Amino acid sequence: MRILIQLLTAFQAGMKEVYQLETSSEEVLINPTKKEFTGDFTIVLFSFTKKTGEGPETMGEKLGNYLVINFTDVIGYNVIKGFLNLEMSHTFWTKSLSTIKNTSNYGFLKSTGEKYLIEYASPNTNKPLHLGHIRNILLGWSVSRILEANGHQVIRTQVVNDRGIAICKSMLAWLKFGKGETPATLGKKGDHFVGDFYVLFENKFQEEYKVWQESELAKMLLAEKNIQENNIPEFFKDFKNTYFNDYSELGKEAREMLQKWEKGDAETISLWNKMNDWVYEGFGATYDKLKVSFDKNYYESQTYLLGKETVELGLKKGVFEKEADGSVWIDLTDAGMDRKIVLRSDGTSVYITQDIGTAMIRYKDFGVSRMIYTVADEQDYHFKVLFEMLKRLGEPYAGGLYHLNYGMVDLTTGKMKSREGTVVDADDLIQEVISEASAGSAERGELAELTVSQQQDIFDKIGFAALKFFILKVQPRKRMTFNPQESLDMQGQTGPYIQNAFVRIQSIFRKSDGKLSETEGGPNKIEQPEKELLRLLISFPDVVAEAGRQYDPSTIANYCYALAKDFHRFYHEVRILGAETAEEKNFRLQLCACTGDVLERAMDLLGIDMPDRM
RNA sequence: GGUCUCGUAGCUCAGUUGGAUAGAGCAACUGCCUUCUAAGCAGUAGGUCACAGGUUCGAAUCCUGUCGGGAUCACCA
């Protein structure tokens, strides 16, 4: 339902009439006219001059003239260089507004029948979520909503890395030092509780390592390797993994636990279940707060063995090759990649093999044509290889795979590093933005007569708007710098600024007598801020489509900001309830209603809720 | 070193398939609340779009190279 399609058609007819030229809709560029020129929409003519053999000015005159005569929506034009600036008629604007108003779910598409699966979270169960996860989750969630707005069916999944040495470290630390404490007894969120034991393990391990570094054995080793005095700290740093694997008592216990787990030892499994359940409870609480959900969870513990059959299959097809030691490889050098191992010599599968299995199972589960992986760009190469492998295996969905990659999040102080304790914890951050929102709200005092829980609901909405918008306004591909102070900001280019536009609209409707009159008579005059607002509303469907094509929420975020900005200006320059005539008031109220509706649904695509007041 | 990616105002970011004199916000300064929510509006100031070539009517945008940041190149996940 593109409103400008009529203008486009009229222009194409003009090209045919005047120059006997067929033009495709892609060739014709219709832009909003820039502020410093007169007109509402501008058509760029340069690209046609070759075909017509005429200068752009002459073309502009002829075509502008054609449009004014033959297309009633255009009432005037001017030509500057190759730009044909068109002035639209009064009825064009009123007609457009009523089209928008009468289109249900304006801007969104009807069902395409296409089915997408999106993976947008892949947490480890040994530590709580941090800022990096937040970007990942918000991005994936928003893209899933944008795809739905484009008419696709979406299945949301997460893959939980619930096995491996890391969780065993937490388990071991809890057994040795936990004294039977639980999240409940300590009043701690489950994921943090388990994460703390992971940290505790690391600390105890470091203690043990330090003591060992003074031992005779360590000294012999230093002598043997001929390590100089001043290189000793460096050496021990590099040696840490070897120490963990070959010398450490704690390391040995952790590895034994992993082995027991792999053998299915009942006691170990039950402890593992218990700890993971605590973690899931914690994650669940965070997901609920973020208002995101999953249709299906995949657990690494259930999928890590899956790739093997595929390898057998691939060997038969000649996609893979076996080495003398039994390891299995794929050679991707002809596609500009490397040789990659898919099965170790001991027959166990590696990460990428597991991903093959997971992809197959997902296809079996849902039969989707498209699969999207929301994963940071450090894994670009991994996915390039994975997709190439699936293609060579002849998987039916191989053409529909997409790695939605995003840049890592930096802090103003540098990179986030868990080892250096500089990670920003997700729950802390959420807590902080919400209390900032409540502080700001208290200052303004608009909410005094609401109940505490109503107020709390609004603080949540404002706080999350600040946080989510701050993250989503940046193009996914770009690395972003996270400034905690700025993320708490509620003024200027922020989520709350956009909410404020919506709140103003709601307030107007509370104060109006509540009914839009059905008179078809339009206003006498349409003001510039009204036209600008309408122009943006007209472009909404294109923005949704573009965001879908690019898998890019920042497109929507920037649109929301532009729309809110135009509304604020409109609100400031034009009286709405105090309009001079009933028709004007009606027109403006409809404009408010459409703006409010588009703002609310566009922000919903970002996972941001709108409050009625703030 | 190979490959990928980013580089726009002091800071954080926009800038649609190449289009007019490159835009916002923050920070700084100046105005605007007996009138629909001032989380707002208007204004001042701030730029060699990393650099150098090329493509063309036209380049922040496309191509090549250089410089700088980041990622990646495991029988780790």
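Quick note: numbers below take in every heavy atom, side chains included, and nothing from hydrogens, waters or symmetry partners. Below, chain A is the first sequence line, B the second, and so on; all start at residue 1. What you see is a predicted model, and the numbers here were worked out from it, not measured in a lab.
Taking the P atoms as reference points, B:rG65 lies 13 Å from B:rU5, given to the whole Å. Annotation: B:rG68 and B:rC26 have their C1' atoms spaced 26 Å apart (nearest Å).
No engagement by A:Ile352 is indicated, since no non-hydrogen atom pair under 4.0 Å with the nucleic acid exists. Using a 4.0 Å heavy-atom criterion, one finds that A:Arg477 contacts the sugar-phosphate atoms exclusively. Residue contacts shown for A:Asn558 are limited to sugar-phosphate atoms, with no base heavy atom under 4.0 Å away. Across all strands shown, A:Gln506 has no heavy atoms under 4.0 Å from either base or sugar-phosphate atoms. Looking at heavy-atom distances under 4.0 Å, A:Val474 makes contact with sugar-phosphate atoms alone, never a base. Residue-level contact check: A:Met480 touches the backbone only, with heavy atoms under 4.0 Å from sugar-phosphate atoms and none from bases.
Across every strand in view, B:rC62 sits in a pair with B:rG54 that passes the Watson-Crick or G-U test at under 3.5 angstrom.
The shortest distance between the side-chain N/O atoms of A:Lys384 and the OP1/OP2 oxygens of B:rU72 is not below 4.0 Å. Side-chain N/O atoms of A:Lys81 include one lying less than 4.0 angstrom from OP1 or OP2 on B:rU21. Look at A:Lys511 and you won't find any side-chain N or O under 4.0 angstrom from OP1 or OP2 of B:rC36. A:Lys478 has no side-chain polar atom (N or O) that falls below the 4.0 Å cut-off from OP1 or OP2 of B:rG70. Regarding contacts with the backbone of B:rC41, a side-chain N or O of A:Tyr497 is found under 4.0 angstrom from either OP1 or OP2. Using a 4.0 Å cut-off, no side-chain N or O of A:Lys565 falls inside it from OP1 or OP2 of B:rG40. The side chain of A:Arg569 contributes an N or O atom lying less than 4.0 Å from OP1 or OP2 of B:rA42. The side chain of A:Arg344 contributes an N or O atom lying less than 4.0 Å from OP1 or OP2 of B:rA77.
Counting atom types as modelled, A:Ser345 pairs a side-chain N or O with a base atom of B:rC75 as donor and acceptor under 3.5 Å. For B:rA14, its base never sits under 3.5 Å from the side chain of A:Ser554 at any donor and acceptor pair.
Geometric assessment of A:Lys468 against the ring of A:Phe464 yields a positive cation-pi assignment under the 6.0 Å and 45° thresholds.
Each of B:rG25, B:rU72, B:rC75 was ranked by its minimum atom distance to the side chain of A:Trp329; first place goes to B:rC75. Residue A:Gln475 places its side chain closer to B:rA14 than to any other of B:rG19, B:rA14, B:rC75. Comparing B:rU5, B:rU12, B:rU37 against the side chain of A:Glu446 picks out B:rU37 as the nearest. With B:rC41, B:rA20, B:rC75 as the candidates, the nucleotide lying closest to the side chain of A:His568 is B:rC41. Nearest to the side-chain atoms of A:Ile80 among the listed nucleotides B:rC26, B:rG70, B:rA20 stands B:rA20. Of the candidate nucleotides B:rA20, B:rG19, B:rG40, B:rA20 has the atom nearest to the side chain of A:Thr42.
The distance between atom NE2 of A:His403 and atom P of B:rC4, rounded to the nearest whole Å, is 16 Å. Taking atom OH on A:Tyr351 and atom P on B:rA74, their separation rounds to 16 Å, with Å as the unit.
Side-chain atoms of A:Thr595 come within 3.5 Å of backbone atoms of A:Leu591 as a donor-acceptor pair (strictly under, hydrogens ignored).
Sequence order on RNA chain B of the closest nucleotides to A:Val350 and A:Thr49 puts A:Thr49 first from the 5' end.
Under the side-chain contact (heavy atoms from CB on, under 4.5 Å) test applied with A:Val385, the options A:Met389, A:His382, A:Glu388 reduce to a single match, A:Met389.
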